[in-house]
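In what follows, chains are A, B, ... by sequence order, proteins preceding strands, each numbered from 1.
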Amino acid sequence: MSERIPQHRYTAELAGRIEAAWQDRWEAEGTFHSANPAGPWAEPDDPRLGTGHRYIMDMFPYPSGTGLHVGHPLGFIATDVHARYLRTTGMNVLHTMGFDAFGLPAEQYAVQTGQHPRTTTERNMEVYRRQLRRLGMGHEQRRSFATIDPDYYRWTQWIFTQIYHAWYDEDAPARTGGGTGRARPIEDLVEQFAAGERATPDGRPWGQLSRVEQAEVLDGYRLAYLSDAPVNWCPGLGTVLSNEEVTAEGKSERGDFPVFRRSLSQWMMRITAYADRLVDDLDRLDWPEKVKLMQRNWIGRSTGAQVRFPVTTTDGGQDAVEVFTTRPDTLFGATFMVLAPEHPLVERLVPDAWPEGTREAWTAGEDSPRGAVTAYQRQAATRSDMERQADTRAKTGVFTGAFATNPVTGTLIPVFVADYVLMGYGTGAIMAVPGQDQRDWDFATAYDLPIVRTVQPTPDHPDDQAFVGEGPAINSANDEVSLDGLDVAQAKERIITWLVGKGLGEATTTYRLRDWLFSRQRYWGEPFPVVWDEEGVAHTVPDHLLPVELPEVPDYSPRTFDPQDAQSSPEAPLARATDWVEVELDLGDGRGVRRYRRETNTMPNWAGSCWYYLRYLDPANDQAPVDPAVERYWIGPRPAPVAGAPAGASDPGGVDLYVGGVEHAVLHLLYSRFWHKVLFDLGHVSSEEPFRRLINQGMVEAWVYRDERGFPVPAAEVEEHPDPEGGAPTFTWNGEPVTQEYGKMGKSLKNVVTPDEMCEQYGADTFRVYEMSMGPLEQYRPWETRAVVGSMRFLQRLWRNVVDEETGELVVVDAEPDEQTDKAVHRTIDGVRADYEALRTNTAVAKMIELNNHLTKLAEVPRAAVEPLVQMVAPVAPHLAEELWSRLGHDTSLAYAPFPEADPAKLVEDTVTCVVQVKGKVRDRLEVAADVDPATLEELALASPKVQHAMGGAPVRKVIVRPPHLVNVVV
RNA sequence: GCCCCCGUAGCCCAACCGGCAGAGGCAGCCCACUUAAAAUGGGCCCAGUGCGGGUUCGAGUCCCGUCGGGGGUACCA
């Protein structure tokens, strides 16, 4: 039957041949190479250096063993289209793609298959490379790399050492020139200590501290430091995890295993030092509001006051319970206090006996406060996070037997221990203000504690609830200060001033953000460039000895445990490589060759993705991660701030367009911003942010079909039966009825469609056009294979407008296009350019289809009409466009052929259709001159018989004239 | 619970600063080509914008409420 198909029809088979040929040619000619101004690849004479530049980037893929499905390339195609468009406007465009190849899945897959992670990872990357090439990606191949390349992770380790040898000086002027706070080399701090400008923790002179003591002091400042603190231990994965990698349910984000709090010695990154800048600088980024909001919430900055409540300890000493509150204005309503069960002060507050008059309900039935508190602490400690989640409403707690003094009222208020107060936030203690906090209200009603309202509730506010809204202060005065009548903001200000004056408190800010746990007990990650000496002091490996290469080990799989075994401890696989761990080195510190033990943890896989955008800029540089001039050229600050930035904001620099999934909203994007800011502070980069503009592409989802037992059946084999009544269609598989639902694309749901299949059946260009015409980039959309033919038909028609299907001869004519066609061409150019500019490829494709359909109807297709169309289609269907371009007689690639220009004169119509409405309803349409004056138009409209009829003789009250498109008569 | 996003034709989606609801595609139907087919060509059909109010000369678009779907977060003091 194939002999019936015209020989030169644009079929999948022909598309495949054309595509392979152009891919070879692009590669051979280095079509997508961009020009660098400096560094190893400097081409200072390249003319593109003077014509503007754009850096377009995708979140690089993790090469999984299953390859790509049709959802993965959505963002990649979008950036490729945009990059290709930008090249035709003369820009120097950098667009490449590497691989995020370290990490858990690669290791787990390798464990499953019994092969070395490097073997499987490299094979997976080959599959990805082939798949991406087949899709016609215009990636600059020479800039591509993987995070597992020693040449790359050498610099990842180098950055770690930079961070390790830095501390955050709150008081130093910011490098931007405004404000204070920046990272500085640790040597500056050592100098301050040595010179006595800064006191050591115990006051002894720096020189009198031992090497170990000095190291410990510095660890308290370093931006990368070792901490012995409770961390997230996941026995099921055999590693510790960062807070960001643990879900709200207390499970590992990857694998959904239980996570337990264990105190372990681990590497941390002092990201909290950057909390303010990470929040504030979001304003200067062109990112989705949703992502900015997620980062703001994650950092969780809240401002308020730290207030001290005097207490007498059991030994008779005077101490104070320090609380953090965002509502210091409600201090007069603090009728009791609550400490977290783990609060260190608890032990020194609990008396031997219950004070006289202690209520039965406060004692939990125990004979002594000590017994009650200990029992409660034990219970709180054994309750898992899951259990705590389960009953978030019910408040439990126990009286400590101690009282504190409310510093503004002078009254003694009872101190409780309750697990609704968390040790990890604020100071681990609160002043409870039931009148203005619902949690405190719940606790107060449960334990019969006094409630004092200190903000006047609104009249309709229920009597049995805390009032958390705005209002004037009431019941808030003592002999020295009165807040009564002030609004919340004023009251806060006045009470803080008073507290500061009395030495009872001060304004403070707290954050939800915690430091970033940076070590993992895995094999497949970057080794730390750290060794330990005999005294247990850490040293970084000198730069010239980097990279510290990952050793070969007989058994690279991690030791995992029963997921529920909270008492197990991590074992780093690298610790088994004893030949590697024990090492003799000269660190160049004057102490000569000595014996050291290597650090056996590895870095989390976020490390590699923290800075890859910098390395793309200058991947062959062996002197620095990136040449400073190259960095400044590509991502240095631009003169104008981003759209929507607050007045007076400056551009922070960064990648011009970064496209990726919203799942990295806090993890990768927060870590990456943090590293970038450290590098900025230390003077290694000129930009303050890594990614100036971010877009989250939507996901391609798919239909899932299940049989009667609920098992998924192969979606591709399901038949759809339309309902004759016009209702919902029904579905069968092998004749059996199946149900349809919407979900992710995945192997287990038997609904995976791969780009390879699409290239096979339709060709890469068709696939690209289809993905781009499904809807806006940000949108989630269902995959529908049968709809792909629409894109195929479009390209086929375009082909036919240039090439005779039977003979392969050119069919275009050199005659001038008629006026209508000419205008359609220019209108399309104008619209498509704007659409490409704004990444609205779906509407760009629609406009091109429209023009193409118009050309199809002509007896002969004029060259002057179809050539611009071929150029316009090139970003989306590059192979077809190149082929037609060459058949039209051009011998150079159109990758850099200037995008067609619309002639403004041809965009204006001589006459337009004017709509005449009566009371907002369309009653007539008039053909009028485009430049008709309002008075004439009004006259014409009122003279219309249809309008007169619609008015029914009613008098004209008002006429709205919007020439030339609309007249609205109000009667 | 709180916060954010989205509801337009059977389906995927357009609609600029509020100004004719339809650009494009799928499916369906009809016709042509064909021995037959379709990944061919031509044509046709299809909603008043989830629902209820409001502002306006005029609302898919702005405001309020409500329902449905998706996402984030959750004793954060």
Rounding to the closest angstrom, what is the interatomic distance between [N] and [M] at atom [atom1]?
| N | M | atom1 | answer |
| --- | --- | --- | --- |
| B:C4 | B:G43 | P | 48 Å |
| B:U35 | B:A21 | C1' | 46 Å |
| B:G25 | B:U66 | C1' | 34 Å |
| B:G18 | B:U49 | C1' | 15 Å |

Choose from [options] the nucleotide whose nearest atom is closest to any side-chain atom of [X].
| X | options | result |
| --- | --- | --- |
| A:Lys958 | B:C57, B:G72, B:A27 | B:C57 |
| A:Arg797 | B:G41, B:C20, B:A27 | B:G41 |
| A:Asn968 | B:C57, B:G41, B:C13 | B:C57 |
| A:Leu293 | B:A14, B:C57, B:C4 | B:C4 |
| A:Arg9 | B:A77, B:G24, B:U40 | B:U40 |
| A:Glu850 | B:G19, B:C26, B:A23 | B:A23 |

Under 4.0 Å from OP1 or OP2 of [N]: is there any side-chain N or O of [X] that close?
| X | N | result |
| --- | --- | --- |
| A:Gln779 | B:C13 | yes |
| A:Arg512 | B:A74 | yes |
| A:Arg800 | B:G41 | yes |
| A:Arg793 | B:U40 | yes |
| A:Asn842 | B:G25 | no |
| A:Ser302 | B:A77 | yes |

Could you give the side-chain donor-acceptor pairs of residues 287-294 of chain A under 3.5 Å, partners two or more places apart or in another chain?
{"residue": "A:Trp287", "atom": "NE1", "partner": "A:Phe691", "partner atom": "O", "Å": "2.8"}
{"residue": "A:Lys292", "atom": "NZ", "partner": "A:Leu282", "partner atom": "O", "Å": "3.2"}
{"residue": "A:Lys292", "atom": "NZ", "partner": "A:Leu285", "partner atom": "O", "Å": "2.8"}

**Request:** Pick base, sugar-phosphate or nothing for A:Ile849, based on heavy-atom distances below 4.0 Å to the nucleic acid.
**Result:**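 The residue A:Ile849 makes sugar-phosphate contact but no base contact.
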**Message:** Using a 4.0 Å heavy-atom cut-off, does A:Thr510 contact any base of the nucleic acid, only the sugar-phosphate backbone, or nothing at all?
**Reply:**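 If one applies the 4.0 Å heavy-atom cut-off, A:Thr510 turns out to touch nothing in the nucleic acid.
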**Request:** Kindly compute the distance separating CD (A:Gln306) from CG (A:Leu504), expressed to the nearest 0.5 Å.
**Result:**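 Output value for this atom pair is 13.0 Å.
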**Whether A:Trp783 and A:Phe767 hold their rings parallel, tilted or perpendicular, with breakpoints at 30° and 60°** =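 A:Trp783 and A:Phe767: tilted rings.
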**Prompt:** Taking N and O atoms by type only, does the side chain of A:Arg925 place a donor or acceptor under 3.5 Å from a partner on the base of B:C20?
**Reply:**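 Result: at least one qualifying N/O pair found.
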Per-pair distances, 0.1 Å, donor-acceptor, side chain in residues 790-798 of chain A, under 3.5 Å, sequence neighbours excluded:
{"residue": "A:Ser791", "atom": "OG", "partner": "A:Tyr770", "partner atom": "N", "Å": "3.4"}
{"residue": "A:Gln796", "atom": "NE2", "partner": "A:Tyr10", "partner atom": "O", "Å": "3.1"}
{"residue": "A:Arg797", "atom": "NE", "partner": "A:Asn853", "partner atom": "OD1", "Å": "3.3"}

**Item:** Given RNA chain B, 5'-ward residue of the pair A:Gly775 and A:Thr427, judged by closest heavy atom
**Value:**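 With A:Gly775 and A:Thr427 compared, the 5'-side residue is A:Gly775.
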**Message:** Tell me whether A:Arg9 forms a cation-pi arrangement with A:Trp799, defined as NZ or CZ under 6.0 Å from the six-membered ring centre and within 45 degrees of its axis.
**Reply:**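 That pair does not qualify as a cation-pi contact.
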**Asked** Is NZ or CZ of A:Lys395 both nearer than 6.0 Å to the six-membered ring centre of A:Phe443 and within 45° of the ring axis?
**Response**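 The answer is no; the distance or angle limit is not met.
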**Message:** Please name the nucleotide paired to B:G28 by Watson-Crick or G-U wobble geometry with both distances under 3.5 Å, or report none.
**Reply:**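 Here B:G28 is engaged in a pair, and the nucleotide opposite it is B:C44.
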**Asked** Now, which nucleotide makes the Watson-Crick or G-U wobble pair with B:U73, with each of the two distances under 3.5 Å?
**Response**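 Pairing partner, where one exists within any strand: B:G1.
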